[in-house]
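Predicted, not measured: the structure shown is a model, and the values here were computed from it. For the numbers below, each heavy atom of this structure counts, side chains included, while hydrogens, waters and symmetry mates do not. Lettering follows sequence order; numbering is per chain, from 1.
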2 protein chains.
Amino acid sequence: MNSKADLEKEVLMAAAEYGINSVLFRNAMGRKLGLNITESECLSLLRIKGISNPTELARYTGLTTGATTTMLDRLEKAGFITRKHNPNDRRRVLIEINSEAAVTSVSLVSGVQKAHKELIASYSDTELEIIADFLTRFTQNVKEHTHMIEQDLR
Amino acid sequence: MNSKADLEKEVLMAAAEYGINSVLFRNAMGRKLGLNITESECLSLLRIKGISNPTELARYTGLTTGATTTMLDRLEKAGFITRKHNPNDRRRVLIEINSEAAVTSVSLVSGVQKAHKELIASYSDTELEIIADFLTRFTQNVKEHTHMIEQDLR
DNA sequence: ACTCTATAATCAAGTTACTTGATAATCAAG
DNA sequence: CTTGATTATCAAGTAACTTGATTATAGAGT
């Protein structure tokens, strides 16, 4: 018999657990590919977004832009990414994840992605709507508070 | 009008978005507290678990145990954590997050925690059960595949 | 068209944090 | 009570990061 309060706690804990295990997964994969933590984080973002740029990656990894440049040098040399010119703004650089690298790392990711897809497919439309709504709102909270902290930093 | 396939994709994307924004939040908070990335990650785990040990923190941060020792030295010196002896095993050390440090960092976290709790409270029991179930199973996928990758590393 | 300011990425020098391998202490099994 | 495994630490060498300057480009205002 679960009270509402118990359920609420359970959801909060489950969300935290997910965060913890995402980090552990990223670490395991990074170690497998011979990458350090920041390189792993960088590729994590690129695997989701496909394409990015040094500024965004600096923000995501928490590095300075200087450190990001040398990190991207390493990833480029190792064949994980490619730098391309941004045709709309010649100051900017586009960072693409290489398809071969994507294949290697995605082959590690594909297993869990497949499992996720199967899990999701097992829910009804109504349930999926509830889940999507929750995740979106939950993420929105995180976004807003990140913004507040960053504002406060200036 | 959303097809089931669209909904499934939406959930998958929303989960990824949550992961991305958790990282950005952690970075913002770390910068606010004058911590580097690994120190921030360490405190993130301690804020959830309250108490841990060097081995677990090494795994979580992706550091070697050597690097973990010096990182904990820094966090201890800065007053964020305390080392205590494990009474059950004298080789082991317990790492506790300091209440003052918890207060400082929790005051940053408390805002988003409060928002999360309010959000969660706005759902019905039935909805919360669906959400908790989904998050737990989703996390289980991640755990299993982390384990597979780690097995494969030996 | 032409400054001026802002932004993007890079680079070079100095600093910090990490890895590796060794060591000490303790535990648990035989 | 010996042996092998585990936990944390330490010391030396290496790798990655920060800071501040530099180059190139963009966009706004005159």
Side-chain angles (χ1 to χ4, degrees), chain A residues 23 26-28 30-46 49 51-78 80-96 150 153-154, chain B residues 23 26-28 30-46 49 51-78 80-96 150 153-154:
Chain A
V23 170
R26 183 209 65 197
N27 290 350
R31 236 191 109 206
K32 181 99 180 168
L33 296 174
L35 302 171
N36 70 20
I37 301 154
T38 52
E39 290 158 356
S40 301
E41 278 201 335
C42 181
L43 282 189
S44 289
L45 187 70
L46 285 170
K49 304 203 59 170
I51 196 158
S52 185
N53 59 66
T55 305
E56 186 178 49
L57 292 168
R59 182 165 128 84
Y60 186 68
T61 55
L63 297 179
T64 59
T65 57
T68 304
T69 295
T70 60
M71 179 201 60
L72 292 173
D73 288 346
R74 294 194 301 273
L75 286 176
E76 192 175 32
K77 201 171 173 183
F80 286 101
I81 60 146
T82 310
R83 280 182 168 98
K84 293 200 174 158
H85 291 294
N86 185 328
N88 302 323
D89 184 341
R90 305 213 295 166
R91 293 168 304 182
R92 310 189 77 184
V93 167
L94 296 172
I95 307 295
E96 276 183 12
E150 283 175 346
L153 277 172
R154 295 164 205 287
Chain B
V23 169
R26 183 209 65 197
N27 290 349
R31 234 191 111 206
K32 182 99 180 168
L33 297 173
L35 302 171
N36 70 19
I37 301 154
T38 52
E39 290 158 358
S40 301
E41 279 201 335
C42 182
L43 282 189
S44 290
L45 187 69
L46 285 170
K49 304 204 58 169
I51 195 158
S52 184
N53 59 67
T55 306
E56 186 178 49
L57 291 168
R59 181 164 128 85
Y60 186 69
T61 55
L63 297 179
T64 59
T65 57
T68 304
T69 295
T70 60
M71 179 201 60
L72 292 172
D73 289 345
R74 295 194 301 272
L75 286 176
E76 193 175 32
K77 200 171 175 182
F80 287 103
I81 60 148
T82 310
R83 281 182 168 98
K84 293 201 172 157
H85 292 294
N86 184 328
N88 302 324
D89 185 340
R90 305 212 295 165
R91 293 168 304 181
R92 310 188 77 183
V93 167
L94 296 172
I95 306 294
E96 275 183 13
E150 283 175 344
L153 275 172
R154 294 165 205 286

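Applying the side chain to side chain donor-acceptor pair (under 3.5 Å) criterion to A:E96, with sequence neighbours excluded, gives A:K84. Taking B:T82 as the reference, B:N98 meet the side chain to side chain donor-acceptor pair (under 3.5 Å) condition, with sequence neighbours excluded. Residues forming a side chain to side chain donor-acceptor pair (under 3.5 Å) with A:N36 (at least two apart in sequence, or on another chain): A:T38. Remark: B:T69 pairs with B:D73, B:R83 by the side-chain contact (heavy atoms from CB on, under 4.5 Å) rule, at least two apart or across chains. Take B:S44 and apply the side chain to side chain donor-acceptor pair (under 3.5 Å) test, not counting sequence neighbours, and it matches no residue. By the side-chain contact (heavy atoms from CB on, under 4.5 Å) test, A:R91 pairs with A:D89, sequence neighbours left out. Among residues two or more places apart in sequence or in another chain, the salt bridge (Lys or Arg N to Asp or Glu O under 4.0 Å) test is passed with A:R59 by A:E150.
Legend: salt bridge (Lys or Arg N to Asp or Glu O under 4.0 Å) pairs involving residues 60-72 of chain A, not counting sequence neighbours: none detected. Applying the salt bridge (Lys or Arg N to Asp or Glu O under 4.0 Å) test to residues at least two apart or on different chains, the pairs with a partner in residues 36-46 of chain A are A:R26-A:E41, A:E39-A:R74, A:E41-B:R26.
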*How would nucleotides 17-30 of chain C be written as a contact map, 5' to 3', with B for base contact, S for sugar-phosphate-only contact and - for no contact, using protein heavy atoms under 4.0 Å?*
SSBB----BBS---
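Annotation for B:G62 and A:N27: closest pair N-ND2, 3.4 Å, computed over non-hydrogen atoms.
Within residues 52-59 of chain B, no residue has any heavy atom under 4.0 Å from DNA chain C.
The bend of the helix from C:dA1-D:dT30 to C:dG30-D:dC1, defined by the angle between the axes of its first five and last five pairs, stands at 40° to the nearest 10°.
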